[in-house]
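Here the structure is a predicted model, which means the values were calculated and not measured. In what follows, chains are A, B, ... by sequence order, proteins preceding strands, each numbered from 1.
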2 protein chains.
Amino acid sequence: MGYRENPRPGGRSARVQAAVHQSVRDMLATMDRADVTIPLIAQRANVTPSTIYRRWGDLQKLLADVAASRLQPEGEPARIGSAREDLEAWVEQYADEMASGVGRQLLRDVLAVPDSANAEKCGTYTRRQLSVFIARAEAAGEPFPTLVDLMDHIISPIIYRILFDQAPDPDHVRKLVAKVMAESRQSLMRG
Amino acid sequence: MGYRENPRPGGRSARVQAAVHQSVRDMLATMDRADVTIPLIAQRANVTPSTIYRRWGDLQKLLADVAASRLQPEGEPARIGSAREDLEAWVEQYADEMASGVGRQLLRDVLAVPDSANAEKCGTYTRRQLSVFIARAEAAGEPFPTLVDLMDHIISPIIYRILFDQAPDPDHVRKLVAKVMAESRQSLMRG
DNA sequence: GTATAGAAGCAAATAATTTGCGTTAGTGAA
DNA sequence: TTCACTAACGCAAATTATTTGCTTCTATAC
């Protein structure tokens with residue numbers, strides 16, 4: 001009955017999923033969003049509409065699925081120098097990507113469906129990336145903020161502004177990072 | 001051609017808007033979300049579907065419109081004691097409402113449409129509410145955080161968690177408030 | 001190989017959306 | 001008040017999307 005979340009690679013099901021995802025990405029990139037329909041996606045992916053309906057349910061769920069997979073980070077954050085420098089560079093790029101037209105729309109697509117699974121996946125991606133910096137800092141003996149503080153006081157303000165306000169300017173993002181870093185040094189001194 | 005954002009009160013257009021909004025609210029409260037369709041909404045509101053299509057465009061836009069109006073605060077935040085106490089009480093209630101099933105869905109509905117006008121409206125509502133506390137604190141000579149700090153370090157973490165993670169627990173919310181308040185006293189002492 | 005089950009294709013039936021055109025009801029000027 | 005005007009609504013036909021029953025395909029395990 002139910003469709004596998006992760007189809008066996010190489011199988012027919014995986015090929016269909018890839019073709020449909022690619023079709024969606026192409027169409028979102030080239031045409032007006034309002035003109036992207038399931039029958040059109042199906043046609044471009046060489047698949048029947050009913051296949052998409054049965055597998056994803058409706059356009060919103062399909063878009064949420066595609067968006068979540070696009071929001072998955074490609075690899076490990078770059079190593080530049082100290083954990084702090086790595087973090088600063090990563091956050092700057094993260095903010096830029098999320099604030100871009102495409103990024104903002106991906107966030108919305110992921111949030112548009114009642115099922116929160118896709119959105120939670122994105123939160124997990126971000127925490128996993130940030131954990132890398134924490135591990136690096138620990139290995140280097142650098143003082144570093146906790147994961148909770150990074151999420152609450154850097155990621156959250158950035159995303160909130162992108163969703164409910166204007167995109168945060170780079171200077172503000174730097175200040176958010178600087179503030180959390182400063183606090184982590186203080187708490188280390190106190191502790 | 002275009003429909004007025006705020007129809008003249010008492011006019012036919014305003015009556016239709018009210019009937020449709022009410023119909024949406026009733027249906028969202030009583031039936032499964034997936035079964036809420038424009039033809040059904042129209043029927044319950046005693047209106048033709050084409051009226052809704054022409055005025056709102058599609059279901060998502062209608063839901064976003066209804067959600068934004070439901071997210072508008074009813075009145076001024078309650079006065080309890082100090083500005084800080086007022087804020088604490090307000091934030092607690094805010095977090096509860098937004099984290100509830102209904103609140104979370106309203107947030108999603110507002111974010112689901114490409115047009116950010118509705119979402120920005122919600123951000124503005126929140127800032128306006130918070131400004132009240134700032135004004136009260138100033139009148140009382142209490143030290144108080146800035147609007148930016150309140151938004152970045154209290155509202156943003158709460159909303160981010162609701163959207164991308166689990167709802168924040170009350171204790172964490174209190175800590176967020178306490179931390180921002182503590183910083184505002186420090187910066188006052190330094191300044 | 002062959003059986004099996006999950007997933008895809010096809011096509012008919014249903015439901016939603018769009019659109020052209022006629023009608024209604026607020027609005028503002030005489 | 002009346003009258004002309006126009007934005008918004010209703011109606012219904014045309015189009016398009018969605019659902020569904022049934023058949024066919026294809027990986028997988030035996």
Side-chain angles (χ1 to χ4, degrees), chain A residues 1-24 26-28 30-66 69 109 112-115, chain B residues 1-24 26-28 30-66 69 109 112-115:
Chain A
M1 258 277 125
Y3 284 75
R4 309 175 61 93
E5 161 115 357
N6 290 42
R8 290 178 176 70
R12 180 171 58 158
S13 173
R15 284 198 302 277
V16 167
Q17 187 186 30
V20 169
H21 271 231
Q22 190 56 49
S23 170
V24 169
D26 290 350
M27 292 179 71
L28 287 178
T30 56
M31 41 191 289
D32 192 285
R33 185 175 192 73
D35 299 333
V36 175
T37 63
I38 288 190
L40 274 180
I41 294 166
Q43 185 175 35
R44 180 185 272 251
N46 271 103
V47 149
T48 343
S50 67
T51 294
I52 298 183
Y53 285 116
R54 280 204 238 256
R55 185 153 173 179
W56 281 280
D58 59 29
L59 183 60
Q60 284 192 22
K61 295 206 194 91
L62 171 56
L63 292 178
D65 187 45
V66 172
S69 85
D109 285 345
V113 298
D115 175 14
Chain B
M1 261 276 120
Y3 284 74
R4 309 175 60 91
E5 161 116 356
N6 291 39
R8 290 178 177 71
R12 179 171 58 157
S13 173
R15 282 198 303 277
V16 167
Q17 186 185 30
V20 170
H21 271 229
Q22 189 57 49
S23 171
V24 169
D26 291 349
M27 293 180 70
L28 286 179
T30 55
M31 41 192 288
D32 192 284
R33 187 177 192 73
D35 298 334
V36 175
T37 64
I38 287 188
L40 274 180
I41 294 167
Q43 186 176 34
R44 181 185 273 250
N46 272 100
V47 151
T48 331
S50 67
T51 294
I52 297 184
Y53 285 115
R54 280 202 237 257
R55 185 152 173 179
W56 281 279
D58 58 28
L59 183 59
Q60 284 191 22
K61 295 206 195 90
L62 171 55
L63 292 178
D65 187 45
V66 172
S69 85
D109 284 345
V113 298
D115 175 15

Peer 1: With a 4.5 Å limit on heavy-atom distance, are the side chains of B/Lys61 and B/Asp115 in contact?
Peer 2: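 No, too far: nothing below the 4.5 Å cut-off.
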
Peer 1: Once you round it to whole Å, what is the distance between P of C/dA16 and CH2 of B/Trp56?
Peer 2: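 About 18 Å, once rounded to whole Å.
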
Peer 1: From CD1 of A/Ile52 over to P of C/dA8, roughly how many Å is that when rounded to an integer?
Peer 2: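 Between P of C/dA8 and CD1 of A/Ile52: 10 Å.
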
Peer 1: Is any side-chain N or O of A/Arg55 closer than 4.0 Å to OP1 or OP2 of C/dG6?
Peer 2: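 It does not, given that no N or O in the side chain of A/Arg55 lies less than 4.0 Å from OP1 or OP2 of C/dG6.
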
Peer 1: Return the 5'-most residue of the pair B/Gly11, B/Leu40 with respect to DNA chain C, ranking by each residue's nearest nucleotide.
Peer 2: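 By nearest-heavy-atom nucleotide position, the 5'-most residue is B/Leu40.
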
Peer 1: On the nucleotide C/dG9, are OP1 or OP2 found under 4.0 Å from the side-chain N or O atoms that A/Thr48 carries?
Peer 2: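 It does, given that an N or O in the side chain of A/Thr48 lies less than 4.0 Å from OP1 or OP2 of C/dG9.
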
Peer 1: Nearest 0.5 Å, what's the OG1-CD1 distance between B/Thr48 and B/Ile38?
Peer 2: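 The OG1 atom of B/Thr48 sits 12.5 Å away from the CD1 atom of B/Ile38.
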
Peer 1: Is there a donor and acceptor pair closer than 3.5 Å between the side chain of A/Arg54 and the base of C/dG9?
Peer 2: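 Answer is yes: a donor-acceptor pair is held.
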
Peer 1: Which whole-number value in Å describes the distance from B/Gln60 CD to C/dA16 C1'?
Peer 2: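 Distance, rounded to whole Å: 15 Å.
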
Peer 1: Give B/Thr37 one of three labels, base, sugar-phosphate or nothing, depending on what nucleic acid heavy atoms sit under 4.0 Å from its own.
Peer 2: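 Sugar-phosphate: the residue B/Thr37, judged by heavy atoms under 4.0 Å, touches backbone atoms but no base.
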
Peer 1: Measuring from atom CZ of A/Arg15 to atom CG of A/Asn46, what distance do you get when rounded to the nearest 0.5 angstrom?
Peer 2: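 So the gap between those two atoms works out to 12.5 Å.
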
Peer 1: Whole Å only: how far is the CD atom of B/Gln17 from the C1' atom of D/dA7?
Peer 2: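 After rounding, the gap between these two atoms is 15 Å.
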
Peer 1: Using whole Å, report how far CG of B/Asn46 lies from P of D/dG10.
Peer 2: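 It works out to 9 Å between those atoms.
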
Peer 1: Rounded to whole Å, please give me the gap between CG in A/Asp35 and C1' in D/dT16.
Peer 2: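 Value for this atom pair: 13 Å.
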
Peer 1: Separation of A/Ile38 atom CD1 from C/dA15 atom P, in whole Å?
Peer 2: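 After rounding, the gap between these two atoms is 18 Å.
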
Peer 1: Within this structure, what is the CD-to-P distance between A/Gln43 and C/dG9, rounded to whole angstrom?
Peer 2: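 One finds 13 Å between P of C/dG9 and CD of A/Gln43, rounded.
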
Peer 1: Can you tell whether the side chains of B/Asp65 and B/Arg55 come within less than 4.0 Å, N to carboxylate O?
Peer 2: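 So B/Asp65 does not pair with B/Arg55 through a salt bridge.
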
Peer 1: Would you say A/Val24 and A/Leu63 make side-chain contact, with heavy atoms under 4.5 Å?
Peer 2: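 Heavy-atom side-chain distance check passes, below 4.5 Å.
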
Peer 1: Output the single nucleotide from C/dG9, D/dA27, D/dG10 whose closest atom is nearest the side chain of A/Arg15.
Peer 2: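 Of the candidates, D/dA27 comes closest.
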
Peer 1: At under 4.0 Å, does any side-chain N or O of B/Ser50 touch on OP1 or OP2 of D/dG10?
Peer 2: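 No, because none of the side-chain N or O atoms of B/Ser50 sits under 4.0 Å from OP1 or OP2 of D/dG10.
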
Peer 1: Please figure out whether B/Arg12 or A/Gly57 has its closest DNA chain D nucleotide nearer the 5' end.
Peer 2: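 Nearest nucleotide further toward 5': that of B/Arg12.
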
